[in-house]
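Reviewing the structure listed below.
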Amino acid sequence: MIQTVVKRDGRIVGFNENKITGAIRKAMMHTEKGEDERLLMQITDHIYARGTLQMTVEEIQDMVEVELMKSKRKDVAQKYIAYRNQRSIARKAKTRDVFLDIVNIKSNDITRENANMNADTPAGMMMKFASETTKPFVDDYLLSEESRDAVEHNYLHIHDKDYYPTKSLTCCQHPLDNILHRGFMAGHGESRPAKRIETASVLTCISLECAQNEMHGGQAIPAFDFYLAPFVRLSYIEELKALEELNGESYKHLYDQPLIDYLKKPLGSLKGEERAIQHAINKTVGRVHQAMEAFIHNMNTIHSRGGNQVVFSSINYGTDTSAEGRCVMRELLLSTYEGVGNGETAIFPIQIWKKKRGVNYLPADPNYDLYQLACKVTARRFFPNFLNLDATFNQNDAWRPDDPKRYLYEVATMGCRTRVFENRFGPKTSIGRGNLSFSTINIVRLAIECMQTEDKDARIAKFFAKLDNMLETAAKQLDERYQFQKTAFAKQFPLLMKSLWLGADKLGANDTIEPVIQQGTLGIGFIGLAECLVALTGKHHGESEESQQLGLKIISYMRDRCNDFSERYHHNYSVLATPAEGLAGKFTKKDRKEFGVLPGITDRDYYTNSNHVPVYYKCPARHKAETEAPYHELTRGGHIFYVEIDGDATHNPQVIMNVVDMMDRLNMGYGSVNHNRNRCMNCGYENAAAKLEQCPKCGSTHIDRLQRITGYLVGTTDRWNHGKLCELNDRVTHIDDGNQQLFEG
């Protein structure tokens with residue numbers, strides 16, 4: 001007798017005779033004679049009794065065919081065999097259709113899932129082939145039935161599921177001093193420690209690129225200014241030594257002499273040591289500028305992950321007040337302002353200015369001049385974004401203004417928004433840590449399923465019950481993935497688990513990574529708070545105070561449950577305001593198919609990103625900020641705030657400073673400004689005209705509008721998926737009348 005059945009995906013389940021009777025009944029219903037209940041039960045009982053203890057689905061179906069052919073109902077056998085063949089063809093056709101879309105470089109949500117990836121190149125196509133065939137493997141062999149069911153029914157999305165079998169981690173904040181001062185092995189050749197700013201710049205690029213190939217997320221430098229500063233001084237000393245050889249004099253006593261700043265000045269009538277110092281400064285500044293130019297250029301041209309994608313890179317800076325650190329920041333900002341290639345805006349790295357009172361925010365602060373420059377650069381180039389170290393949740397009691405390593409206690413972020421700071425199992429720091437994996441809950445669907453409950457209190461109570469159940473599922477799924485990830489060996493990640501991850505230097509090549517990855521975080525994300533609230537109350541949080549309070553209650557509940565999960569599973573769980581790119585339209589498409597078009601909920605081709613006010617909702621910047629600000633403290637896994645402005649911000653850096661002021665007053669953690677930026681795809685010419693139809697430089701009509709997508713810039717919207725394109729077209733500005741209404745309520 002049959003006891004268990006081996007399914008096509010390898011899972012072993014208990015025998016269910018209803019599967020046989022159901023299939024035969026379907027075949028009978030498509031014949032003229034119709035059903036024969038006696039024959040149906042006779043065949044089912046016969047197969048059950050004569051089968052072996054464990055059989056495959058195919059073996060059972062073969063037996064059904066034989067029994068039908070032996071019966072008088074050859075017509076049923078014919079229909080059953082035809083149906084079986086059709087199902088087999090359908091399973092193959094699904095894979096075939098996906099592959100043909102990739103082969104024929106069709107622009108759809110599969111090939112445009114990631115706007116930073118060119119899926120049309122041979123390497124990009126190979127990546128998509130691998131991705132689309134790996135995901136079913138994960139579903140069939142690596143996910144629990146509960147997790148698989150949540151994904152299948154559109155409640156849960158597992159990010160980077162195609163990388164699941166590799167046991168890779170999401171992202172990392174690089175302790176770059178380990179690389180620059182010790183060197184590292186990145187293949188056949190060993191990179192020696194850096195001795196000058198040019199080498200330091202190159203090694204920084206190589207570190208980011210190599211780590212990108214070991215991970216499925218992004219790479220970040222948490223203190224770019226502090227890490228590069230020592231190599232400015234070493235380069236300055238090199239220039240003094242060159243002068244020693246030229247002039248036949250010794251300047252050793254000047255090597256470590258403090259400098260107020262590195263500013264280019266004419267030598268004029270300067271003489272003696274004063275002339276030598278200024279000459280060395282001038283040469284050093286030129287070298288630092290070239291090194292920063294090279295760094296930006298390399299980060300926009302070096303490919304990773306099979307050659308189809310530039311490194312998803314971010315750099316944090318702003319708080320080093322030394323002359324050398326200031327030199328690094330100044331030349332980096334100036335290089336960014338100038339642009340790359342034909343003067344176009346650099347896409348990577350995502351630059352993040354760490355704003356801190358007493359350091360770089362107020363006029364009396366030592367780096368205030370660089371803060372002003374940063375705002376000027378943002379007004380033209382979108383970057384840097386702004387990370388508010390003064391937000392209550394971004395502070396560390398160990399931070400001291402006179403500590404030369406105070407950057408250890410400063411929060412840093414990935415440009416997309418991922419934040420890692422709090423730590424139950426080690427120091428409170430961002431450095432040498434990252435996110436392990438994250439999954440996103442479709443809270444909109446949960447709310448839609450409650451809409452038929454007329455009593456509002458009962459409706460909301462029902463929603464929270466569903467949310468609690470799905471939070472349990474998400475937490476369990478993330479723990480299951482963690483248990484799988486921790487079995488990887490350190491040698492599988494030769495750079496990450498030797499030089500970058502906190503505590504990895506104590507691992508041997510054949511040790512598992514389990515002892516160190518507990519320092520990382522597991523993120524439970526959410527999408528579509530606005531649509532969720534419309535389903536529950538009729539209005540989103542941008543248009544109703546009642547909805548706003550419910551929204552805060554929902555995300556607060558998620559935060560509290562994450563704290564519970566951290567204790568239960570012994571992990572660093574956190575709530576993530578999901579940077580939904582491919583997911584923005586994926587959830588919506590499935591929900592609309594099942595529930596139809598619901599006004600304010602499924603009537604657009606995307607769900608609103610995390611806790612944002614909908615992009616189509618016209619309101620002043622201040623109202624948008626006041627609505628979104630309270631969610632930043634609740635979403636410790638990452639968040640971001642945007643203001644959309646109209647027109648040319650290039651000559652109006654004050655509007656950028658106004659936004660940072662607003663973030664400061666409202667205790668916001670991270671944000672930036674979006675504005676117009678047109679780019680000629682032929683020659684790279686850029687301007688901020690409202691509607692540019694023809695390039696004034698080369699005459700081309702191939703014009704694209706530079707845009708931000710989930711935190712990073714994309715030079716062409718050709719790679720955007722349908723949902724994000726629809727969102728882009730719906731975006732409205734939040735500042736009007738020459739940017740004068742920034743703070744109007």
Side-chain angles (χ1 to χ4, degrees), residues 176-177 180-181 183 192-205 221 223-299 315 317-340 343 346 351 359-360 365-374 376-377 404:
L176 193 61
D177 49 347
L180 298 181
H181 295 290
R192 292 174 294 181
K195 294 183 179 179
R196 54 184 61 87
I197 190 64
E198 296 88 349
T199 309
S201 169
V202 171
L203 288 183
T204 301
C205 295
I221 307 296
F224 187 80
D225 43 355
F226 282 94
Y227 291 141
L228 274 292
F231 303 95
V232 176
R233 174 61 69 157
L234 289 174
S235 300
Y236 169 72
I237 292 173
E238 276 191 338
E239 294 301 333
L240 287 176
K241 288 180 177 179
L243 286 175
E244 285 178 337
E245 187 175 345
L246 180 66
N247 298 338
E249 297 184 28
S250 174
Y251 297 123
K252 286 185 179 180
H253 59 291
L254 300 177
Y255 291 176
D256 298 318
Q257 178 178 305
L259 297 172
I260 297 175
D261 208 342
Y262 286 77
L263 295 173
K264 273 190 173 183
K265 296 179 182 178
L267 298 180
S269 59
L270 297 179
K271 296 181 180 180
E273 288 186 355
E274 191 177 4
R275 184 181 181 87
I277 291 172
Q278 189 59 54
H279 177 78
I281 288 176
N282 290 350
K283 296 288 286 185
T284 301
V285 170
R287 291 174 59 181
V288 174
H289 189 83
Q290 287 185 328
M292 295 303 101
E293 278 187 333
F295 174 72
I296 295 173
H297 181 270
N298 286 337
M299 296 317 300
I315 56 174
Y317 59 86
T319 57
D320 187 349
T321 56
S322 71
E324 289 76 20
R326 284 171 51 80
C327 182
V328 169
M329 287 184 275
R330 182 184 295 113
E331 301 311 316
L332 174 70
L333 288 166
L334 291 174
S335 296
T336 303
Y337 190 83
E338 293 168 2
V340 295
Q351 298 183 35
V359 178
N360 60 23
D365 294 344
N367 281 358
Y368 181 73
D369 59 327
L370 295 179
Y371 167 59
Q372 290 179 304
L373 178 58
K376 178 182 177 181
V377 175

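If you're wondering where the values come from, they're calculated on a predicted model, not measured in any experiment.
- Between D320 and A229, the shortest heavy-atom distance links the atoms OD2-CB, 3.6 Å.
- Below 30°, between 30° and 60°, or above 60°: for Y236 and Y262 the angle between ring planes is above 60°, a perpendicular geometry.
- By the side chain to side chain donor-acceptor pair (under 3.5 Å) test, T321 pairs with R406, sequence neighbours left out.
- In terms of the side chain to side chain donor-acceptor pair (under 3.5 Å) criterion, residue partners of E273 (sequence neighbours excluded) are, by chain and number, H253.
- Every residue meeting the side chain to side chain donor-acceptor pair (under 3.5 Å) condition with D261, not counting sequence neighbours, appears here in chain and number order: R326, R330.
- Contact check for Y371 versus K376: no side-chain heavy atoms found under the 4.5 Å cut-off.
- Annotation for I197 and S235: closest pair N-OG, 3.0 Å, computed over non-hydrogen atoms.
- Smallest separation of non-hydrogen atoms from N367 and G318: ND2-O, 3.2 Å.
- In this structure E324 satisfies the salt bridge (charged side-chain N to carboxylate O under 4.0 Å, His left out) test together with R233, sequence neighbours excluded.
- Checked against side chain to side chain donor-acceptor pair (under 3.5 Å), R196 has the following partners two or more places apart in sequence or in another chain: E238.
- Taking NE2 from H279 and CG from N247, the interatomic distance works out to 8.5 Å, rounded to the nearest 0.5 Å.
- Residues E198 and R287 meet the side-chain proximity criterion, which asks for heavy atoms closer than 4.5 Å.
- Residues satisfying the side-chain contact (heavy atoms from CB on, under 4.5 Å) criterion with E245, sequence neighbours excluded, are absent altogether.
- Residues T199 and L180 fail the side-chain proximity criterion, which asks for heavy atoms closer than 4.5 Å.
- For the ring pair (Phe, Tyr, Trp, His ring centres under 6.0 Å) test, residues two or more places apart in sequence or in another chain that qualify with H181 are F231.
- With sequence neighbours left out, L270 forms a side-chain contact (heavy atoms from CB on, under 4.5 Å) with E274, R275, Q278.
- A search for side-chain contact (heavy atoms from CB on, under 4.5 Å) contacts involving T336 returns I296, L332, Q351, V377, R381, not counting sequence neighbours.
- Going from atom CD1 of I221 over to atom OH of Y317 covers 13.5 Å, rounded to the nearest 0.5 Å.
- Annotation: the span from S201 atom OG to H297 atom NE2 amounts to 12.0 Å, rounded to 0.5 Å.
- Closest non-hydrogen pair, A200 versus L228, comes out as CB-CD1, 3.7 Å.
- In this structure, I281 and L263 have side chains that are not in contact, with every pair of non-hydrogen atoms separated by 4.5 Å or more.
- Considering only heavy atoms from C-beta on, Y337 stays 4.5 Å or farther from L373 through its side chain.
- Shortest non-hydrogen contact noted between A276 and L240 is O-CD2, 4.1 Å.
- Using a 4.5 Å cut-off on side-chain heavy atoms (C-beta onward), T204 and Y227 make no contact.
- Here the closest non-hydrogen pair linking H289 and S335 is CE1-OG, 3.3 Å.
- Note that the SG atom of C327 and the CG atom of D225 stand 12.0 Å from one another [nearest 0.5 Å].
- Judged by distance alone, with hydrogens and angles left aside, the side-chain atoms of N360 form no donor-acceptor pair with the main-chain N or O of Y368 at under 3.5 Å.
- Taking the side-chain contact (heavy atoms from CB on, under 4.5 Å) definition, one finds that K241 meets it with I237, E244, Y255, sequence neighbours left out.
- Contact of the E293 side chain with the E338 side chain is registered, since non-hydrogen atoms from C-beta on lie closer than 4.5 Å.
- Rounding to the nearest 0.5 angstrom, the gap separating the OG atom in S322 from the CZ atom in F226 is 7.0 Å.
- With values rounded to the nearest 0.5 angstrom, L243 atom CG is found 10.5 Å from I277 atom CD1.
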